Amino acid sequence: MLRPSLLATLTFAAWLCSAAPLEAQNQPVPLPYVFHDDRGSNWDVMYDGSIGDGGNDLYDGGGRLFVNNSAQYQSPTQLATLDSLHNELTFPPQPIAGLNISRCVAVLPSLSTVRFTEVLENPTDTSIKVQLRCYFNMGGSVQQAEPLVDEHKPRQPVGYAISDQNNAVAMIAAGRSSKMPVRFNYRINDDNVDIFYDIEVPARQTVAVVHCQLRRQNASAAANAWKDLKEKELLKDMPRDLRRRVVNFPTGDGYVGDREILRGDALDIVELRGGDTYRGTVKVDRFHLQTLYGPIVLPAEKVVGLLNVGLFRPTQLLVTSEGEVFGGRLDVDSIKLQLTSGQITSIPLSQVTRLGFRKRPGEPEEWNFESKSMAHLSGGERMRVRLPGTDFNLATPSGPIRLNPSVVASIVFQGEQNNVPEVHLTDGSRLSALLGTSWFDMALVGLGSEQRARIPAAALQRFNFAPEPETDPLTPSFTLSNHDRLVGALGGTMSLETPFDTLHVEGPQVKALTHTRAGEHDVQITLWDDSTLSGRLVESHVTCLLKCGVIIRVPIALVESYTQPLPLPSPPMIERIKRIARELDADDWKIRDQAQTQILAIGPPAMSVLRQIQPTSPAEAAQRIELIIQRLSSELDQSGGSSTGASVPIEGANGNGMPMFLR
């Protein structure tokens, strides 16, 4: 029996042999190996897959790979396999943290870019979580760092344009619209830069992470080159199977599942089962498709490709210019094609594997579904739909709930880990729920004219109605025992039976609530002033005021925990804060400074009161309130959202540590 490491090596070698012609792929080369690009850069690839100085002094060591911040990838041999057609070196796998990890390092000459592909294979029956750290030691100390910001997710840069005294690169850590967060670690006047990824590799699966270094003369030029870059240029020469496994770049364009869409350049193209290809002009005005959700008519000018699926009674997948995919059976037995000679031939549909229309003017370079309402089916179909006009009726562990579709971001019917559909709301909440219907009557809006479809719930993978939101860390939220998450504040009044009295607690004043599991209703409550109370709740439910406006009554037995980084102070304290705030405009600067210090001592809970009174405060007081809010916000960020009191003055802009007094 082969040992796992040997088996992985042989499997990897077999994949290498099948990915490209033998004369191009099977070329073992000694390391270091030097690539050259069109801009005169030399990229010398070292034995661990990193880049040396190569005469450019760009790196002292660029792209070393660490797993869980400890084990470093090292090639088991001093050799790598060269694919000379694609300027790429493939390194053999090394077992680390239960995974078989390998690397591919390619140079894209026309872009002056090196591309790293980290391949993680999980040979076990359980999923494995690891942290990847890609470490770059620059040739000089970092002098400038300009974030590469995705306009769809401006709070999470996908990379940085980094420059030292002599060189600059755009470090591209993820693709635009990537759902995988990345973290950077660097300091000005230091030569170390880290890129971090937190990866989960499902059981018996392989995932890949791609990151690139795009070299230019300075940081601004590198950032501009990234802005002008079509990201598919970074991935287009990757093997198809590997490209499908990339988790930090969108890779759906040009594919339906694992099948590539065929496209012609100047002519339409038809690929047959025997391997022949015909080029010419497809003579069809519209496609009539019978689907499981009803008959659909697709104008030919909307269709870019056709895929035949199945051998004996094939069905057809039609792909539109906007990326929609419709599956069913056409009402014709053949496709008419006018050859370049002028002859028209009828090709039996059963003999067609793929059909692709020529590229038309004005076609989008990439498909972006983030701002569009979409229905995704388990068979690979995806369709633009109109947001439903009637409420969703949900059966949840908290009871029946009616939701207006405008507050629903997505509904996931089938996933790797969920057996019950999940409803994701526009505020970041996540609810397990049954929708109580077998069909969804939807309007299809991407076909030029609106058509109706009756989609079986059993065939649905998910609905996407709005982009998934990024949750503010200062937003209150509930975590439930079934792993649901409710983004919203605790409301109402709760009665807590303690060993000596029954206390009435106002929901807005609660900073944290934790289920102690001593009993169904036993909890510990932390108030806005950090008082902690333990006891038994009299009520069987608590009120959650979701950020999107929906009110949910949640069984207390279902609540795992609740956190509110900015609880509301008690009414007497609110009046005290307002009274102190009036002294921020006092004639005596000592009184102003004393008031400022007192409010800072109350801590972040004072922020909500200060924001209420700031618009009507005198100019002097309003300016001080703004400074206090900035300081308290900074403390919250540093403490990870844990609101604690503060008794130190705001530091002045001159950096000397003296208080900033407005005298």
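This one's a predicted model, so the numbers in the text were calculated from it and none came from an experiment.
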Expected output: side-chain [X] to main-chain [Y] donor-acceptor under 3.5 Å:
X    : Y    : answer
S429 : V487 : yes
Y562 : L490 : yes
R592 : D587 : yes
Q598 : I580 : no
D585 : A619 : no
R382 : G323 : yes
R245 : Q205 : no
S398 : V554 : no

Which atom names give the shortest non-hydrogen contact between [X] and [Y], and what distance separates them?
X    : Y    : value
F465 : V385 : CE2-CG2, 4.3 Å
D522 : H515 : O-CD2, 3.2 Å
A489 : Q564 : CB-NE2, 4.3 Å
S633 : R611 : OG-NH2, 4.2 Å
A595 : L584 : CB-CD2, 3.9 Å
A173 : H211 : CA-CB, 4.1 Å

Which of these, N122, D125, T124, T126, sits in a side-chain hydrogen bond (donor to acceptor under 3.5 Å, both in side chains) with R204?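 In the set N122, D125, T124, T126, the residue that makes a side-chain hydrogen bond (donor to acceptor under 3.5 Å, both in side chains) with R204 is D125.
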If you count every heavy atom of other residues, nucleotides or ligands that lies below 6.0 Å from [X] atom [atom1], does the total exceed 12?
X    : atom1 : result
D501 : CG    : yes
R553 : CZ    : yes
Q630 : CD    : yes
R576 : CZ    : no

Are a donor atom and an acceptor atom from the side chains of [X] and [Y] found within less than 3.5 Å of each other?
X    : Y    : result
T479 : E560 : no
E626 : Q614 : yes
S432 : D484 : yes
S406 : N404 : yes
E497 : H521 : no

Atom CE in M383, atom CG in L377: separation rounded to 0.5 Å?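 Here the interatomic distance stands at 4.5 Å.
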Tell me every residue that passes side-chain hydrogen bond (donor to acceptor under 3.5 Å, both in side chains) with T396, counting only those two or more places apart in sequence or in another chain.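 In terms of side-chain hydrogen bond (donor to acceptor under 3.5 Å, both in side chains), with neighbours along the sequence ignored, T396 is linked to no residue.
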My understanding is that only residues two or more places apart in sequence, or in another chain, count here; which of them pass salt bridge (charged side-chain N to carboxylate O under 4.0 Å, His left out) with R384?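 Salt bridge (charged side-chain N to carboxylate O under 4.0 Å, His left out) list for R384, sorted by chain: E322.
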Listed by chain and number, what are the side chain to side chain contact (heavy atoms under 4.5 Å, CB included) partners of A458, not counting sequence neighbours?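 A458 satisfies side chain to side chain contact (heavy atoms under 4.5 Å, CB included) with no other residue.
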Determine, step by step, whether E575 and R579 satisfy the salt bridge (Lys or Arg N to Asp or Glu O under 4.0 Å) criterion, reporting the C-alpha distance in whole Å, the side-chain angles of both residues, the deciding distance to 0.1 Å, and the verdict. CA-CA 6 Å; E575 292 303 316; R579 186 173 62 251; over 6 Å; no
Apply the test ring-ring contact (aromatic ring centres under 6.0 Å, His included) to residues F392 and F463: give CA-CA distance (whole Å), side-chain angles for both, the deciding distance (0.1 Å), then the verdict. CA-CA 13 Å; F392 289 112; F463 281 129; 7.2 Å; no
Contact check, side chains of I195 and F184, non-hydrogen atoms, under 4.5 Å: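 Counting from C-beta outward, I195 and F184 do come under 4.5 Å.
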Side-chain contact test, heavy atoms from C-beta onward, threshold under 4.5 Å: evaluate it for L568 versus I574 and give yes or no.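 Answer yes - side chains close enough.
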